[in-house]
Amino acid sequence: MKDWLQPMHRPQLVAIAASAGGLEALRQILGELPSDFPAAIALVMHRGLSNPDRLITLLRRWTALDVRHAECGGALRAGILYVCPPGVHMVAERCVRLIEGPRVSSVRPSADAMFESIAQTYGEEAIAVILSGAGSDGAVGSLAMAHAGATVLVQDLRSCVFSSMPAAVLRAQSTGEQLAPRQIAATLRELVKIAPGSFEAAPECSPKITVFLTDDHKVLLEGLHVLINGEVDMAVVGRAEDGCTALQRLVELAPDVVVMDISMPGLDGIEATRQMIGRRRSVKVVALSSLSDVQMVNRMLEAGATGYVTKHRAFDELVHAIRAVKRDEQYFSPDVAQFVNDARLRMPRSVQS
């Protein structure tokens, strides 16, 4: 057996990157893997936002593996194929992280982003597989994987519909092994082969609070995105600059908490909150506004918000508000809390209880 088929550590994660022409290679590879395949598999494939379940449906026809869209904060488990949803980046830190962010090298999701995160976390316990595709996505990330001691497998250029992606990987490094799709499948089975019952399940991972941001000021929106993603227990899964877009993406992304700007073009934050709560009662809403008058506060609370943070205190208080509403508590900026407390004092005791 070749030396590259004798990893120092048994691989726990297989990361696959595919793009144009990659479906046939995926069909051949995944069709050869058993349902009890003793490693997790993460797939990034470039695709459009329309009909996001089509790829899942196809893969389930072709493989005995459990195929599902990756969910932010979910643990990576053996025998499961985690597919990156369209329109976001996927990284792996023992748990899945989905990141709403700009395109990387003109693509989203980015294979480079996935590979680089896996290289840092898994090192020799990972395998990178690069299949047919146009462009050069995956070249930088697979080089990071190789430097970290991971095994890199590249689809044979002769079997590729589009050879640009695999060729870019081969140009970037000399360690990638060229194999036809069914040879890749056989190699994966060999690399992860272990004695029955010796597999240890992936460690549990505390799920992050998934947050959706809305604000019509792009600079503030970007700043809040960076702020929240910097917290170890939070992840931004989406953002919008108007209430209509926020409502459309709510069903797709199902965030735990929505940070809702009140003053937005089209559908304002008050009506967007009312409709959002009507569609998904479990979602928590933190209002974000430059206004702190009692009328505005009351309208947002009536619409269903359980938090209210003024914009001039957003960078100091917003993360605390997100954690509070996720715990089914209320949170108000100090200049808002006084209005709320005064209103409660004026309420009859029977109403307060």
Side-chain angles (χ1 to χ4, degrees), residues 69-75 85 88-91 93-101 203-215 220-240 243 245-262 264 269-270 272-289 292 297-311 313-337 339-341 344:
H69 267 136
E71 295 182 356
C72 196
V88 296
H89 297 297
M90 178 170 70
V91 298
E93 305 162 355
R94 301 293 176 182
C95 306
V96 175
R97 302 297 183 211
L98 301 180
I99 301 172
E100 175 92 4
E204 288 291 348
C205 188
S206 299
K208 287 195 176 186
I209 302 171
T210 55
V211 181
F212 190 95
L213 298 173
T214 72
D215 201 288
L220 177 60
L221 192 64
E222 187 65 36
L224 294 178
H225 191 151
V226 173
L227 171 74
I228 292 170
N229 268 351
E231 298 295 309
V232 296
D233 61 337
M234 297 181 191
V236 175
V237 295
R239 61 192 204 185
T245 303
L247 280 174
Q248 291 171 1
R249 301 208 65 192
L250 173 69
V251 175
E252 174 191 349
L253 297 172
D256 298 317
V257 178
V258 176
V259 176
M260 182 67 73
D261 182 22
I262 294 179
M264 290 187 293
I270 296 171
T273 296
R274 183 175 292 109
Q275 293 188 34
M276 198 170 288
I277 298 295
R279 296 184 186 188
R280 185 167 172 262
R281 298 191 64 83
S282 62
V283 70
K284 307 296 182 183
V285 177
V286 176
L288 187 65
S289 178
S292 58
V297 174
N298 284 338
R299 290 179 67 192
M300 276 303 292
L301 294 180
E302 290 170 358
T306 53
Y308 196 111
V309 174
T310 51
K311 286 190 176 181
R313 304 184 68 98
F315 287 90
D316 296 321
E317 297 185 358
L318 187 56
V319 295
H320 303 296
I322 291 169
R323 292 187 184 106
V325 299
K326 183 63 171 65
R327 295 192 302 265
D328 292 325
E329 300 172 3
Q330 292 183 324
Y331 186 98
F332 305 102
S333 290
D335 45 351
V336 173
F339 294 142
V340 177
N341 291 334
R344 286 172 175 168

Between [X] and [Y], is any pair of side-chain heavy atoms under 4.5 Å apart?
| X | Y | value |
| --- | --- | --- |
| K208 | C95 | no |
| R280 | M276 | no |
| F332 | V309 | no |

Worksheet item: Short question: side chain of T214, backbone of D261 - any donor-acceptor pair under 3.5 Å?
Response: yes
Practice prompt. Could I get the full list of side-chain contact (heavy atoms from CB on, under 4.5 Å) partners for E71, not counting sequence neighbours?
Written response: none
Which pair of non-hydrogen atoms, one from [X] and one from [Y], has the smallest distance, and what is that distance?
| X | Y | answer |
| --- | --- | --- |
| R249 | E100 | NH1-OE2, 3.1 Å |
| T210 | A254 | OG1-O, 4.2 Å |
| E317 | S333 | OE1-OG, 2.7 Å |
| P255 | V237 | CB-CG2, 4.1 Å |
| G243 | A272 | CA-CB, 4.0 Å |
| L288 | A314 | CD1-CB, 3.9 Å |

Discussion item. Can you list everything that forms a side-chain hydrogen bond (donor to acceptor under 3.5 Å, both in side chains) with E329? Sequence neighbours excluded, please.
Written reply: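 Result, side-chain hydrogen bond (donor to acceptor under 3.5 Å, both in side chains) vs E329: R327.
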Fill in: side-chain hydrogen bond (donor to acceptor under 3.5 Å, both in side chains) against D316, all qualifying residues, sequence neighbours excluded
none
Worksheet item: How about K326: does its NZ atom have over 12 heavy atoms from other parts shown lying under 6.0 Å from it?
Response: no
Discussion item. Atom CZ of residue position R299 - does it have more than 12 heavy atoms of other residues, nucleotides or ligands inside 6.0 Å?
Written reply: no
